[in-house]
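Atoms within each ligand, like the ligands themselves, are counted from 1 in listed order. No experiment lies behind these values; they were computed from the predicted model shown.
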Amino acid sequence: MKDLLDILVLGDGGREAAIVWKLRQSRRVSRIHCAPRPYFGATHAVGLDPFDFAEVANYVAVNGIDLVIPGNENIIAAGIADFLEPLGVKVIAPSRQCAALESSKEYAKEFMSRHAIPTARFMTVTTDWLDEGMNFLDSLKPPYVLKADGLAHGKGVILCHSLADAKDTLSDMLEGLFGEASSTVIIEEFIAGRECSVFLAVDGEDYIFLPTARDYKQLRDNNDAPNTAGMGAVSPVPYAGQEFLEKVEKRIVIPTLRGLKEEGLDYRGFLFLGVMELEGEPLLIEYNVRLGDPEAEVVLPRMKSDFVDLLEGIADRTLAVKRIVESDLACAAVVACAEGYPGPARTGDEITGLASIKDDCLIFPGAMKRDDEGRYITSGGRVITLASLAADIPEALTRVYECVDRISFQGKYVRADIGSGINNI
Ligand SMILES: Nc1ncnc2c1ncn2[C@@H]1O[C@H](COP(=O)(O)OP(=O)(O)O)[C@@H](O)[C@H]1O
Ligand SMILES: [Mg+2]
């Protein structure tokens with residue numbers, strides 16, 4: 001690859017903001033382009049719809065783009081790599097078929113079973129198998145985990161505390177609670193463990209671990225429902241030390257990559273493992289085929305090495321000669337959401353206080369825009385993510401919450417207990 005690259009980032013959340021922020025520190029970037037909107041002075045691909053792959057291909061050709069990074073799962077599952085790679089464009093994402101590891105929970109669970117990867121016991125249910133599903137629920141102990149098979153913006157998993165509620169919810173989901181995404185439902189045994197997000201860079205042959213993270217999925221304090229796409233995160237994860245990660249590698253990473261190969265799948269891109277630590281042992285909850293949001297906002301700031309070198313390793317299958325230098329600092333991120341999130345969120349409110357933050361925190365804008373008068377206005381549910389690097393997790397949390405307090409908008413909602421109780425490093 002060339003020394004200096006032109007890079008196009010697709011997607012418009014806090015994660016993509018973190019990707020652009022990290023790219024800007026690289027000594028190997030010529031220009032950064034961004035669609036559908038700009039971050040941190042990146043060149044804005046005006047009017048470019050990330051889902052219109054022909055338009056993306058045209059933009060890439062006209063602007064001499066060397067590398068495309070799709071941030072979110074929907075673009076990847078729609079097959080952007082399959083479309084662009086035959087045209088000679090390098091894409092940091094797996095194929096549509098590989099993306100089924102995330103876009104179908106049934107496919108993912110069957111894949112785990114085929115390759116003896118430790119995971120929660122489960123049953124796949126459609127309307128034709130409702131009775132079997134009810135019987136399986138009868139055989140489990142509360143709480144009950146019900147998952148929509150398809151992509152549902154991180155909101156398709158429901159935890160039910162009573163059997164009656166689980167049965168009602170199963171029926172509701174099959175009847176279209178999440179539309180087509182829940183026409184198939186996975187019922188899972190509940191694992192009372194501690195979660196850990198493990199990210200890998202994968203080039204089809206070799207892989208590199210990125211820093212670990214813990215994200216907080218539930219909307220309310222004390223991990224109370226409903227699930228969201230993530231309310232905050234910390235890195236590293238104190239209970240996922242070297243010994244634990246070696247188990248993850250042996251029992252999950254190696255069988256996963258071997259399984260992909262055996263099935264003729266060439267996986268390149270980022271791979272996320274949603275791992276549950278139970279009495280020191282790892283169980284795999286799910287795969288994602290990209291960086292997480294808000295995990296990217298804590299993982300990328302903790303990588304001291306050059307991001308483009310890593311991306312090049314993925315694209316050119318040279319990860320064997322790359323390595324990541326992890327910072328000794330800890331990072332904590334908190335997402336400020338709009339009222340109503342994860343349902344339809346209140347929008348159009350002015351956001352104040354951003355200017356007072358300056359360099360005290362990293363600011364990763366999400367669902368916000370500038371109006372004609374230059375004011376910042378909310379435009380969706382996940383408004384903004386703030387992140388702080390500090391000597392340890394408690395210090396990073398103190399700093400990030402101090403900055404979050406300086407931001408205001410009508411209906412602002414923040415989880416107050418991100419990272420609390422997590423052992424210090
Ligand atoms: N078997 C399980 N036992 C306990 N908690 C679970 C289980 N499966 C999922 N969860 C919880 O639900 C969250 C979302 O589930 P996940 O499978 O990661 O779906 P998604 O991220 O697509 O919404 C997890 O992060 C975890 O908190
Ligand atoms: Mg998940």
message = What I want to know is whether K147 and ligand 1 share at least one N or O pair that is separated by under 3.5 angstrom.
response =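 Yes; the residue has a nitrogen or oxygen that sits under 3.5 Å from a nitrogen or oxygen of the ligand.
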
message = Under 3.5 Å between any N/O of K217 and any N/O of ligand 1: does that happen in this structure?
response =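 Between K217 and ligand 1 (N or O atoms, distance only) the closest approach is not under 3.5 Å.
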
Any protein heavy atom nearer than 4.0 Å to atom 11 (C) of ligand 1 =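 So atom 11 (C) of ligand 1 lacks protein heavy-atom neighbours under 4.0 Å.
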
request  = For atom 5 (N) of ligand 1, decide whether some protein heavy-atom distance is shorter than 4.0 Å.
outcome  =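 Within 4.0 Å: yes, protein heavy atom nearby.
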
Shell of protein N/O/S atoms around the Mg ion (ligand 2), taken as anything under 2.8 Å =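 Per the 2.8 Å query on the Mg ion (ligand 2), atoms found are E286 OE2.
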
request  = Carefully, step by step, assess E312 and R28 under the rule salt bridge (Lys or Arg N to Asp or Glu O under 4.0 Å).
outcome  = CA-CA 10 Å; E312 181 184 54; R28 306 228 8 227; 3.1 Å; yes

key: E102 heavy atom under 4.0 Å from ligand 1   =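 Per 4.0 Å heavy-atom rule, E102 does not contact ligand 1.
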
In terms of atom number and element, which parts of ligand 1 are under 4.0 angstrom from non-hydrogen atoms of [X]?
X: Q218; answer: 27 (O)
X: G154; answer: 23 (O)
X: M276; answer: 4 (C), 5 (N)

inquiry  = Quick one about S113 and E110 (side-chain donor to acceptor, distance below 3.5 Å, no hydrogens or angles considered), yes or no?
reply    =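 S113 and E110 do not have a side-chain donor-acceptor pair below 3.5 Å.
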
query = Without hydrogens or angle criteria, can the side chains of Y287 and T256 be said to hold a donor-acceptor pair below 3.5 Å?
reply =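 There is such a pair (donor and acceptor under 3.5 Å, judged by atom type) between the side chains of Y287 and T256.
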
Heavy-atom pairs closer than 4.0 Å: do any link ligand 1 to the side chain of [X], the backbone, both, or neither?
X: E189; answer: backbone
X: I191; answer: both
X: N227; answer: side chain

Proximal candidate to atom 18 (O) of ligand 1 [heavy atom criterion; set K155, K109, E286, E195] =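 Of the listed residues, E286 has the closest heavy atom.
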
inquiry  = Looking at non-hydrogen atoms alone, which of T228, I285, T119 comes nearest to atom 7 (C) of ligand 1?
reply    =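 That would be I285.
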
Identify each donor-acceptor pair in which a side-chain atom of residues 197-213 lies under 3.5 Å from a protein atom, sequence neighbours left out, and give them as a table.
from : atom 1 : to   : atom 2 : distance (Å)
S197 : OG     : E295 : OE2    : 2.8
D203 : OD1    : E205 : N      : 2.9
D203 : OD1    : D206 : N      : 2.6
D203 : OD2    : T318 : N      : 3.4
D203 : OD2    : L319 : N      : 3.0
E205 : OE1    : K261 : NZ     : 2.8
E205 : OE2    : K261 : NZ     : 2.9
Y207 : OH     : E249 : OE2    : 2.5
T212 : OG1    : V237 : N      : 3.1

request  = Fit a plane to each ring of Y59 and H33, take the angle between them on a 0 to 90° scale, and name the class: parallel (under 30°), tilted (30 to 60°) or perpendicular (over 60°).
outcome  =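 It falls in the perpendicular class, over 60°.
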
inquiry  = Let me confirm one number: the CG-CD1 distance from L67 to I32, rounded to the nearest 0.5 Å.
reply    =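 Result: 11.5 Å between the selected atoms.
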
